[in-house]
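Comments concern the structure below.
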Amino acid sequence: MAETTMAQALNLALRDALAEDPSVVVYGEDVGPLGGVFRVTDGLTAEFGEDRCFDSPLAEAGIVGTAVGMAMYGLRPVVEMQFDAFGYPAFEQVVSHVAKTRNRTRGRVSLPMVIRVPYGGGIGGVEHHSDSSEAYYAHTPGLRVVTPSTPADAYSMLREAVESPDPVVFLEPKRRYWTKGEVERGTRTEPMDRAVVRRRGSDVTLIAYGPTVATALETAEAAAAEGVGVEVVDLRGLSPFDDATVADSVRGTGRAVVVHEAPVFGGYGAEVAARVTERCFHYLEAPVLRVGGFDIPYPPPRLEEHHLPGVDRILDAIARLQWESRWVSPGARAGAAGEPLPVAEVGA
Amino acid sequence: MAETTMAQALNLALRDALAEDPSVVVYGEDVGPLGGVFRVTDGLTAEFGEDRCFDSPLAEAGIVGTAVGMAMYGLRPVVEMQFDAFGYPAFEQVVSHVAKTRNRTRGRVSLPMVIRVPYGGGIGGVEHHSDSSEAYYAHTPGLRVVTPSTPADAYSMLREAVESPDPVVFLEPKRRYWTKGEVERGTRTEPMDRAVVRRRGSDVTLIAYGPTVATALETAEAAAAEGVGVEVVDLRGLSPFDDATVADSVRGTGRAVVVHEAPVFGGYGAEVAARVTERCFHYLEAPVLRVGGFDIPYPPPRLEEHHLPGVDRILDAIARLQWESRWVSPGARAGAAGEPLPVAEVGA
Amino acid sequence: MERTDDRPDQASPPLPSLEPIRLVDQRGRRVDDPVHHSPDHAVLLRLLRGMVVGRRFDRQAGALARQGRLAVYPSSFGQEACQVGGVLAMRADDWLFPTYRDSVALVTRGVDPVGVLTLLRGDWHSGYDPNRYRCAPQCTPLATNAPHAVGLAHAARRAGSDLAALVMMGDGATSEGDAHEAYNFAAVWNAPVVFLVQNNQWAISVPVRKQSRAPTLAHKAIGYGMRGHHVDGNDAAAVYAVVSRALADARAGRGPAIVEARTYRMDPHTNSDAPQRYRDDAEVERWRARDPVDRLTALLRAEGRLDDAALAGFTQEGEELAADLRERMADEDAPDPDELFAHVLAAPTAQLTEQRAALRDEVRKEAGHG
Amino acid sequence: MERTDDRPDQASPPLPSLEPIRLVDQRGRRVDDPVHHSPDHAVLLRLLRGMVVGRRFDRQAGALARQGRLAVYPSSFGQEACQVGGVLAMRADDWLFPTYRDSVALVTRGVDPVGVLTLLRGDWHSGYDPNRYRCAPQCTPLATNAPHAVGLAHAARRAGSDLAALVMMGDGATSEGDAHEAYNFAAVWNAPVVFLVQNNQWAISVPVRKQSRAPTLAHKAIGYGMRGHHVDGNDAAAVYAVVSRALADARAGRGPAIVEARTYRMDPHTNSDAPQRYRDDAEVERWRARDPVDRLTALLRAEGRLDDAALAGFTQEGEELAADLRERMADEDAPDPDELFAHVLAAPTAQLTEQRAALRDEVRKEAGHG
Ligand SMILES: Cc1ncc(C[n+]2csc(CCOP(=O)(O)OP(=O)(O)O)c2C)c(N)n1
Ligand SMILES: Cc1ncc(C[n+]2csc(CCOP(=O)(O)OP(=O)(O)O)c2C)c(N)n1
Ligand SMILES: [Mg+2]
Ligand SMILES: [Mg+2]
């Protein structure tokens with residue numbers, strides 16, 4: 001198997017979905033001949049015709065609103081918001097219709113549609129090109145909100161999203177579009193609302209999703225060098241939330257840090273921290289900490305490195321997890337999850 | 001002083017602001033001759049003229065977007081979104097411009113504007129008339145988000161919001177519009193970003209805001225009858241957050257429940273729970289619980305009573321705060337905050 | 001590849017007429033129109049019947065609202081010609097996209113009146129099966145149903161169907177961004193949609209002059225390269241004729257259209273509105289003289305096509321509908337709280353199942369106490 | 001109280017001409033227009049100078065982008081007549097509302113070229129003082145600057161000023177709901193705003209034919225009861241004349257207007273675009289023959305108003321600007337991370353102060369390591 005980028009994996013998913021199901025249509029701004037500004041829809045118009053993949057007028061509420069109508073007629077529209085912040089004009093349609101139509105009609109009308117949103121920063125984009133808006137969507141009942149972190153998941157989860165009877169906000173971590181990995185066409189990974197443990201470790205759980213999973217794994221590597229066993233959970237599904245997997249991990253480690261790019265205040269990490277604490281209170285050695293963007297508008301490209309949560313900031317948070325107060329040293333708690341790691345103290 | 005409803009208090013605040021500052025203008029849908037669907041702008045057009053309080057075309061993005069331009073010119077526009085859910089069409093303007101213009105222009109352009117949003121349920125409104133969207137706004141850096149719970153605060157906080165150099169999303173708990181209280185024109189209560197302890201109690205802190213403050217106080221009354229001392233904190237400012245007041249209270253009681261109407265998942269309560277836990281971890285006897293709406297679209301009027309957090313549901317949450325495990329009985333912890341209350345066990 | 005050029009390849013569609021298209025004048029006399037022909041007497045009788053029955057339904061719903069049996073009722077009184085004329089112009093397989101105001105349209109379309117009132121009674125957000133009646137749920141956020149219609153109609157056309165969609169919207173709603181985007185998508189995609197704008201002169205308290213400076217709202221069509229038609233909205237024959245033609249054009253691929261029907265909201269915005277704050281009774285009275293039911297009645301009587309018996313039949317039908325409605329709306333069964341969790345997503349999540357269980361518990365406890 | 005009526009009290013403004021208003025043809029010969037007069041030679045020379053200098057700026061910025069010194073650059077190449085003509089038609093106290101594409105407009109307006117590029121270099125989101133230049137920040141979310149202009153112009157008029165606002169927007173942006181709402185507010189409020197739509201035929205890869213079925217984008221004005229003007233966007237004289245007149249009308253209370261300037265984006269959308277995927281070079285070449293600079297040069301030369309020395313002077317000015325820009329853009333001082341927290345709200349909050357301190361710590365530690 002050749003290595004595939006996440007963008008290519010998404011492209012393959014759309015290609016296979018279009019080929020297998022004539023009710024799938026792909027549209028949005030520049031998704032036709034151009035193939036999307038990130039080339040996720042590259043070649044789809046050429047292969048499937050203008051009827052299946054096409055450019056629409058430039059209006060996000062119109063794109064989402066017409067997709068609602070198409071889904072009512074039985075199509076499975078997959079629409080793209082070109083960049084995260086350009087999804088805001090469609091907010092009304094998303095919140096008041098996409099999310100609510102099934103409920104409004106007592107289940108008589110379902111909207112099997114996917115809203116693809118390239119989100120997050122780290123690509124040197126100028127203002128409005130690097131927002132992380134997952135918190136807005138995740139707080140909206142009636143939507144499924146998912147985000148892959150690997151090419152294989154990108155393929156599988158997008159296939160699943162297209163097949164879902166529910167509307168899915170599909171958040172694509174744009175700075176991971178060029179990340180490579182093995183992708184087997186047709187192969188499905190875990191269901192999209194399931195969290196996955198990406199690395200075992202016994203001392204602390206890092207909870208990440210989308211663009212920050214790779215950062216969390218890097219952090220785990222760095223921590224391992226200092227003897228701290230970091231377990232990394234990739235949430236994948238943001239709504240609904242996979243309580244079992246996450247709580248399991250945190251009960252095993254007794255410590256947790258959530259990592260995302262969005263501003264921390266009122267961010268998705270708050271939900272993770274709150275619900276993990278509710279479920280794991282007596283297992284926790286320290287409060288669940290959150291590492292994310294500052295509570296500021298997304299910075300200009302030349303300052304974004306300071307804003308994005310990187311390895312150092314995550315390590316700092318891990319260090320603040322009140323290790324000095326622990327009555328059990330790392331490694332001794334390994335029973336629950338994975339191999340014991342060498343005991344070591346992390347700087348206070 | 002005569003008793004004043006919250007709607008009247010808001011009206012007085014606008015009246016006084018219009019009278020004192022010629023740069024204040026009030027506009028939106030039906031705020032002119034009709035006086036707004038809740039009569040908050042009643043009589044303003046008659047008193048100050050069409051030039052100062054007027055009806056605009058029916059388009060929320062246009063209303064907020066033109067207010068941005070007016071504020072750029074030096075006016076202080078106060079605009080109304082007729083109901084909470086009808087603010088969504090303006091989301092793009094709010095997130096990408098209202099919140100960001102000061103930052104974008106390095107402080108050269110400030111937008112002293114107020115977006116008034118009647119929010120929350122409990123008035124028997126049909127779909128789209130009872131949403132609680134505070135989480136969307138509170139997660140958006142660059143906005144101040146506040147919500148009063150009493151007529152006196154309504155008056156004072158709206159005056160302060162109008163005078164603020166920052167844009168303020170002013171959330172009005174619509175089902176409390178008819179709540180009465182003393183209002184002294186011209187008198188200011190606490191600053192709008194300050195939380196206030198509405199009732200002292202030593203066993204548990206209820207953290208509420210806007211419409212749920214009254215519910216929390218009722219709950220405290222009911223709990224007192226069973227011998228549990230409930231402290232009630234009214235947040236008032238949702239963003240920025242008053243950490244000092246809230247943490248102080250929770251450190252005193254060791255237990256906390258956040259109450260709001262919005263769906264709990266990804267709601268504002270998650271932020272409260274997460275940050276209180278970060279700051280008070282070692283004082284907490286139990287996880288901070290959240291009581292709110294279910295994770296469903298707002299129900300139709302005949303079912304809303306089941307959705308809204310009421311006294312019973314809050315008492316249930318208090319009962320779940322692991323009293324059985326406590327090593328100190330209520331009252332014995334009273335040192336930190338307020339009078340000791342009679343010791344009593346709350347059902348497990 | 002696409003090619004751009006330096007000159008448009010098409011001219012503008014003709015401007016809508018300033019004088020609304022009218023086939024029957026206020027006093028019930030026929031008016032000639034160069035383009036539109038009057039529907040035949042059978043259709044005129046169906047229009048009258050629909051308006052008489054619809055009005056009776058509307059009056060009954062208003063009464064239910066005053067009695068507190070509806071959470072709210074936005075009346076159709078005065079707008080029957082638009083709603084009945086628009087709906088009767090539709091084919092059975094066409095789709096209707098109504099607003100909160102269009103109860104009479106839905107009743108005319110055959111939706112169970114109790115289902116029409118489910119939203120307004122507060123039992124649920126919508127009370128009928130959209131697929132069965134080919135009627136979207138009544139839409140409250142203004143103009144947001146318009147792009148849905150465009151998407152549905154475009155999808156249908158793409159699938160080889162020649163159905164068309166009729167969107168109903170108010171004068172106020174045309175100011176919303178979503179109206180614009182829907183008009184534009186429809187035009188660019190050549191989607192078979194007719195936007196029927198019931199210009200009832202008011203958006204709650206705001207007169208249409210504060211909504212738009214266009215001579216007519218139908219003029220908006222020009223900016224999308226669409227046809228715009230300006231019709232007397234109190235003339236059911238004209239509304240029927242214009243909408244029929246517009247639907248026929250749309251389904252034949254000749255493009256979507258905006259039809260502005262100039263009418264009047266005789267009642268307050270809803271039962272909780274206070275119109276005395278913003279409009280004169282004299283204006284209401286002026287419009288009363290243009291009543292759509294009276295007008296068509298006068299015509300049909302003058303032409304000998306309507307006798308007392310026939311009219312009494314329509315009235316009787318309305319009374320039966322009203323009586324049935326009163327009876328069925330008296331049934332006070334509260335909706336089941338379990339349903340709150342039933343339709344959020346296709347399958348229940350752990351989270352929702354847990355919450356449902358918690359609510360069941362609460363309800364059980366309360367019942368125990370009570 | 002407001003009164004509604006059953007018939008419009010005004011007719012439509014005239015339809016825009018299908019043939020764009022043109023004062024100078026492609027070969028630099030004068031064309032008569034019944035309404036618009038050519039600006040005098042002094043103005044024509046200013047227009048040419050603005051275009052020559054603006055183009056040189058634009059070419060330099062493009063080079064900086066290729067060198068990686070800008071995060072991105074959306075070029076104005078081919079659109080100089082619109083941007084220079086539009087800006088020179090403004091009064092000093094008027095306000096400009098530009099987009100990301102309008103660098104040449106800003107340079108023409110007198111904004112420091114380094115400030116113009118601050119956004120695109122990625123130092124900050126905007127690099128000039130809007131109040132000083134009466135230029136709003138370059139706007140990226142399409143059409144969202146249009147309502148700002150309407151609000152500002154309305155506020156100014158209300159305060160007794162007769163300033164006007166010029167909004168720049170692209171053909172693609174006209175599809176957005178915000179464009180519609182802004183047009184409508186402007187018309188209803190009679191706000192002194194001119195919407196200059198640079199129809200450069202493409203919205204990234206989407207041709208204007210997929211954006212609108214209207215004969216011209218200027219036809220959109222009709223739906224708002226506004227004037228629409230369709231002008232040759234590569235004829236600086238015509239753009240200047242039409243925008244000047246529209247601004248004069250607007251400030252005199254004769255209403256806002258949409259001016260569509262038909263032009264062409266000669267370069268890729270930005271330096272990272274791949275236009276070979278969606279358009280033919282032949283099309284670009286066709287438009288090259290309509291170059292706005294060549295056209296005005298030819299006219300002025302033919303009329304004996306431009307000699308080699310004068311032209312060399314303009315060129316020289318452009319070279320100086322470019323050299324200065326190169327030099328000042330070479331300065332690689334990174335912006336100060338502290339500033340991230342400085343402008344979020346008027347006064348620092350405890351929360352932000354804490355976060356700033358944490359970041360200072362991080363930066364200090366990293367510097368220590370490095
Ligand atoms: C997006 C949105 N904003 C505001 C409202 C509140 N609202 C309900 S009806 C109404 C007036 C609508 O007027 P019009 O479109 O003319 O329809 P009519 O009620 O006259 O039939 C308003 C402002 C809404 N429903 N949706
Ligand atoms: C609301 C919004 N949606 C999408 C985009 C992404 N985008 C940037 S430029 C562009 C095309 C704009 O075309 P046009 O308005 O014709 O302006 P031009 O670039 O041709 O000057 C798009 C889709 C955006 N900036 N804002
Ligand atoms: Mg109306
Ligand atoms: Mg363009």
Side-chain angles (χ1 to χ4, degrees), chain A residues 22-23 25 27 32-33 51-52 54-75 77 89-90 92-93 95-97 99-113 141-144 164-167 193 237 239-244 275, chain C residues 1-2 95 97 118-119 124-132 136-141 143-159 161 163 165 176-178 180-189 191 193 339-347 349-352 354:
Chain A
S23 69
V25 291
Y27 68 102
D51 195 38
R52 306 288 306 284
F54 51 95
D55 293 323
S56 71
L58 208 172
E60 293 78 10
I63 291 170
V64 173
T66 51
V68 167
M70 290 191 197
M72 285 176 72
Y73 194 76
L75 296 187
E92 155 77 0
Q93 285 289 343
V95 174
S96 291
H97 292 296
K100 290 183 177 158
T101 294
R102 168 184 294 280
N103 186 63
R104 176 176 304 145
T105 61
R106 298 187 135 143
R108 286 156 177 153
V109 176
S110 60
L111 298 181
M113 58 186 275
L143 302 175
R144 289 186 184 269
S164 170
D166 296 313
D193 53 7
S239 178
F241 185 87
D242 179 355
D243 280 306
R275 64 196 296 121
Chain C
M1 294 216 177
E2 286 291 328
W95 269 79
F97 287 79
T118 300
L119 165 74
W124 201 261
H125 309 300
S126 174
Y128 48 88
D129 181 354
N131 291 306
R132 170 160 171 215
Q138 292 127 304
C139 186
T140 298
T144 57
N145 57 341
H148 306 167
V150 176
L152 185 141
H154 181 62
R157 186 175 168 79
R158 187 183 161 280
S161 158
L163 70 76
E176 291 279 6
D178 277 27
H180 167 70
E181 298 188 14
Y183 298 158
N184 192 44
F185 273 68
V188 169
W189 289 350
V193 181
E339 193 172 357
L340 289 174
F341 307 93
H343 317 298
V344 183
L345 294 168
T349 61
Q351 204 170 306
L352 288 172
E354 210 178 272

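To find a chain, count down the sequence lines: A is the first, B the second, and so on, and within it residues start at 1.
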With a 4.5 angstrom heavy-atom cut-off, could you sort out which part of [X] is near chain A: side chain, backbone, both or neither?
| X | value |
| --- | --- |
| C:Phe97 | side chain |
| C:Glu354 | side chain |
| C:Val344 | both |
| C:Leu340 | backbone |
| C:Thr144 | both |
| C:Asp129 | both |
| C:Ala159 | side chain |
| C:Ala156 | both |

For chain C, the option from A:Glu92, A:Gln93, A:Met72, A:Glu60 that forms the most heavy-atom pairs under 4.5 Å: A:Gln93

C:Thr140: side-chain contact (heavy atoms from CB on, under 4.5 Å) partners, not counting sequence neighbours: B:Phe86, B:His128, B:His129, C:Tyr100

Side-chain (A:Arg104) to main-chain (A:Ser96) donor-acceptor, under 3.5 angstrom: yes

A:Ala61 portion near chain C, given a 4.5 angstrom heavy-atom threshold: both

Residue list, ring-ring contact (aromatic ring centres under 6.0 Å, His included) with C:Trp189, at least two apart or on another chain: A:Tyr27, A:Phe54, C:His154, C:Phe185

